[in-house]
2 protein chains.
Amino acid sequence: MLGIMTGTPRERARAQTMAEITRIGCQQLIEHGAAGLSLRAVARELGVVSSAVYRYVASRDDLLTLLLVDAYNELGDAVDNAVAEVQQRDGFDSGRAQFRALARAVRGWAVAEPARYALLFGSPVPDYHAPAEQTVGPGTRVIVTLMHIIESSYRTGDLTQPVSIPAASLPATLRRDFDRIRGQFEFEVPDAVIARGLLVWSALFGAVSFDVFDQYGTDTFTDRGILFDHHIDMLADSLGLS
Amino acid sequence: MLGIMTGTPRERARAQTMAEITRIGCQQLIEHGAAGLSLRAVARELGVVSSAVYRYVASRDDLLTLLLVDAYNELGDAVDNAVAEVQQRDGFDSGRAQFRALARAVRGWAVAEPARYALLFGSPVPDYHAPAEQTVGPGTRVIVTLMHIIESSYRTGDLTQPVSIPAASLPATLRRDFDRIRGQFEFEVPDAVIARGLLVWSALFGAVSFDVFDQYGTDTFTDRGILFDHHIDMLADSLGLS
DNA sequence: AACAAAAGAGAGCGCCGCTCTTGACAAGCT
DNA sequence: AGCTTGTCAAGAGCGGCGCTCTCTTTTGTT
C-alpha cells in the first residue's frame with residue numbers, strides 16, 4: 001500500500017473516483033441486492049451523469065466483479081485474522097479453537113453483510129459469469145485456510161476421527177479427484193480427511209446460509225448464534241478435532 | 001382434483017388462463033431468474049397486452065408467491081414419493097435407505113430445476129417478502145419428512161449415535177427452543193436427536209447448494225453426484241442411521 | 001500557448017413494473 | 001327482451017433501467 005500519493009495527479013484522481021464507485025456500489029448492493037445494482041443510481045450518488053460512469057467501469061457486470069472480489073477478500077481477511085489471533089493466543093496445535101474461530105468469523109461476516117454474503121454464496125446472478133482469473137484466488141481462501149487447520153491437526157496427530165474410515169470404500173473417480181486436489185493445494189492428508197473437510201466446509205456454509213437466508217422461521221430460535229455454535233461443535237467432533 | 005369441467009364456463013376459462021400464466025412464469029424464472037421475472041414478458045408470451053395480466057395476478061410479487069408455493073410442493077412431492085417408494089420396497093425400518101432417498105430426491109430436483117431451487121434456498125429476492133400463511137406449510141415439508149424418518153428410526157431403536165451425547169451440554173435457550181419444536185411438530189425424540197437432525201438438514205442443503213450454485217470449481221470433480229452420495233453416507237453415519 | 005487525451009454532459013434506444021382510463025363483451029336479474 | 005353488473009383487453013403514460021453515441025469541457029503535457 002503506497003497510499004494515494006502515487007503516480008500522476010490524473011491517475012490519483014482516477015483511483016479515487018474508482019474507490020468511490022466501488023464504495024457506492026457496495027452500498028447499493030447492500031440496500032437493493034445484486035439485481036438492483038444500478039449504474040444510474042451509482043452515477044446519481046456520485047453526482048455525475050450516468051454515461052460518465054462508463055469511463056471507469058465497462059459495464060454493470062464489470063462493477064459486479066469488482067464488488068465480488070472485494071467481498072471475497074474481506075471475508076478472507078476476517079477469517080484469516082480470526083484464525084491468526086487464536087494461533088497466537090492458544091498456539092498452533094489448537095485445531096478445534098481455530099476451527100471455531102474460522103466458523104464464527106464466517107457467520108459473523110455473513111450476518112453483518114447479508115447482501116454481500118448472498119452475492120458470494122447465494123443464487124448465481126442471472127446472465128452473469130464471474131471471470132475465473134479474477135475470482136478463483138479470493139474465492140478459495142476460506143477452504144484453503146480450513147484445510148490448513150485440518151492438515152496441521154492431522155500432522156500433530158490430534159486428528160482422530162476420519163482416519164479410521166477405510167480408504168477403499170471411496171469410489172475410484174472420487175479418489176482421483178482427491179489426488180488432484182491434494183496435488184493442487186499441497187494437502188498431505190489421506191482421502192478420508194479430505195472428504196470430511198469438504199463435508200464440513202459445505203455443512204458450515206449450509207448452516208450460515210440457512211441462518212442468513214432465513215430458512216428457519218423467524219421465531220423458532222431465540223438466538224441463532226447459540227444454535228450455530230452447537231452445530232460447529234458437532235462438526236468439529238465429526239472431524240475429530242481436539 | 002375435479003378436473004377442468006368445474007363451475008361456470010367463465011370460471012373454467014379463468015382457471016385455464018391462470019394455469020397458463022404460472023406455466024409461462026415458471027419458464028421465465030428458469031430462463032432469466034427471479035429478478036428477471038417480467039410480467040410484460042409473460043403477457044407477450046400469453047399473446048396479450050401487459051396490463052391484461054393484472055386481471056389475474058395482482059403484482060409481480062404475487063406471481064412470485066405462486067411460483068414459490070408451486071416449487072415447494074413439487075420438491076415436497078418428489079421427496080415424499082422417493083421416501084414412500086423405499087418404505088414400500090424395504091419396509092418402514094429402513095431409516096438409512098429412506099434418508100438416502102430423501103437426500104437424492106432433493107439433489108435430483110435441485111439439479112433438474114436450478115432456478116426454482118435458487119428461488120427457494122438461494123438469496124432472498126430483494127424487496128420481496130413471502131407471505132407466511134401461504135408458504136410455511138409447503139416450505140416445511142422436507143424437514144418434517146426428514147424428522148419423521150429420524151423419529152421412526154429412534155423409536156425402533158435403530159438410532160445409535162446422537163443419543164449418547166449428554167443433554168446437559170446443551171444451552172438452556174436451545175433446550176427451550178427444542179421443547180417448542182418437539183411440541184409443535186410432535187417429535188418424540190431427545191434433544192441430541194433434534195440437534196443432529198437440524199445439523200444434517202442444513203448440511204444436506206449446504207451440499208446441494210454448493211453443487212447447484214457451482215461453489216466447487218467447474219472441473220474439480222468429475223461426478224458431483226458421487227461426491228454427494230459420499231457426503232450423504234457420512235451424514236447418515238453422524239445420525240447413527242442403520 | 002497549443003494540443004491531444006481524458007472526462008463529463010446530454011440525447012436517445014428499447015426495455016421494465018405499474019397505473020389509469022376507455023371501451024367491448026358476457027352473465028344474471030327484472 | 002332489456003338493463004345492470006362485473007369481467008376483461010387495450011392503450012397511453014410515468015419513472016427507472018443498461019447502454020451507446022456525439023459533443024463539449026477540462027486537464028496535463030509539450
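Reminder, nothing fancy here: chain letters follow the sequence lines and each chain counts from 1. Atoms considered below: every heavy atom in the structure, side chains included; atoms not considered: hydrogens, waters and symmetry mates.
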What is the nucleic acid contact for A:L37, judged by heavy atoms within less than 4.0 Å: base, sugar-phosphate only, or nothing?
sugar-phosphate

Any salt bridge between B:R176 and B:D179, counting N to O under 4.0 Å?
no

Please confirm whether the shortest side-chain N or O distance from A:R14 to OP1 or OP2 of C:dA6 is below 4.0 Å.
no

Would you find a donor on one side and an acceptor on the other, under 3.5 Å apart, between the side chain of A:S209 and the backbone of A:G206?
no

Looking at the side chain of A:S38, which of D:dC19, D:dG18, C:dC16 is the nearest nucleotide?
D:dG18

First locate atom NE2 of B:H231, then atom CG of B:D229, and finally report the distance between them rounded to the nearest 0.5 Å.
10.5 Å

Could you give the NE2-to-P distance, from B:H32 to D:dG18, as a whole number of Å?
18 Å

Reading nucleotides 9-15 of chain D 5' to 3', which nucleotides get B (base under 4.0 Å from a protein heavy atom), which S (sugar-phosphate only), which -?
BBB-B--

Here the distance between atom C1' of D:dC19 and atom CG of A:D61, to the nearest Å, is 12 Å

With a 4.0 Å limit, can you tell me whether B:Y54 has a side-chain N or O closer than that to the phosphate oxygens OP1/OP2 of C:dC18?
yes

Below 30° counts as parallel, above 60° as perpendicular, anything between as tilted: where do the rings of B:F187 and B:F185 land?
parallel

Euclidean distance, atom CZ of residue A:R44 to atom C1' of D:dG16 [Å, nearest integer]
8 Å

Given side chain to side chain contact (heavy atoms under 4.5 Å, CB included), test A:F228 with A:F210 step by step and report yes or no.
CA-CA 10 Å; A:F228 182 77; A:F210 262 33; over 6 Å; no

Interatomic distance, B:Q16 CD vs D:dT7 C1' [rounded to whole Å]:
17 Å

If you look only at distance, which donor and acceptor atoms sit under 3.5 Å apart when one is on a side chain in residues 29-49 of chain B and the other is two or more places apart or in another chain?
unit_1: B:E31; atom_1: OE2; unit_2: B:Q27; atom_2: NE2; d: 3.2
unit_1: B:S38; atom_1: OG; unit_2: B:R40; atom_2: N; d: 3.3
unit_1: B:S38; atom_1: OG; unit_2: B:A41; atom_2: N; d: 2.9

Calculate the interatomic distance between A:L39 atom CG and C:dC16 atom P; express it in whole Å.
19 Å

Can you tell me the distance, in whole Å, between the CZ atom of B:R12 and the P atom of C:dA26?
15 Å

Between CG of B:D62 and P of C:dC18 the distance, given in whole Å, is 10 Å

Only distances under 3.5 Å count here; give the side-chain donor-acceptor pairs of residues 212-222 of chain B to other protein atoms, sequence neighbours excluded, each with its distance to 0.1 Å.
unit_1: B:D214; atom_1: OD1; unit_2: B:R224; atom_2: NH1; d: 3.3
unit_1: B:D214; atom_1: OD1; unit_2: B:R224; atom_2: NH2; d: 2.6
unit_1: B:Q215; atom_1: NE2; unit_2: A:L120; atom_2: O; d: 2.9
unit_1: B:T220; atom_1: OG1; unit_2: B:G217; atom_2: N; d: 3.4
unit_1: B:T220; atom_1: OG1; unit_2: B:G217; atom_2: O; d: 3.4
unit_1: B:T222; atom_1: OG1; unit_2: A:D177; atom_2: OD2; d: 3.2

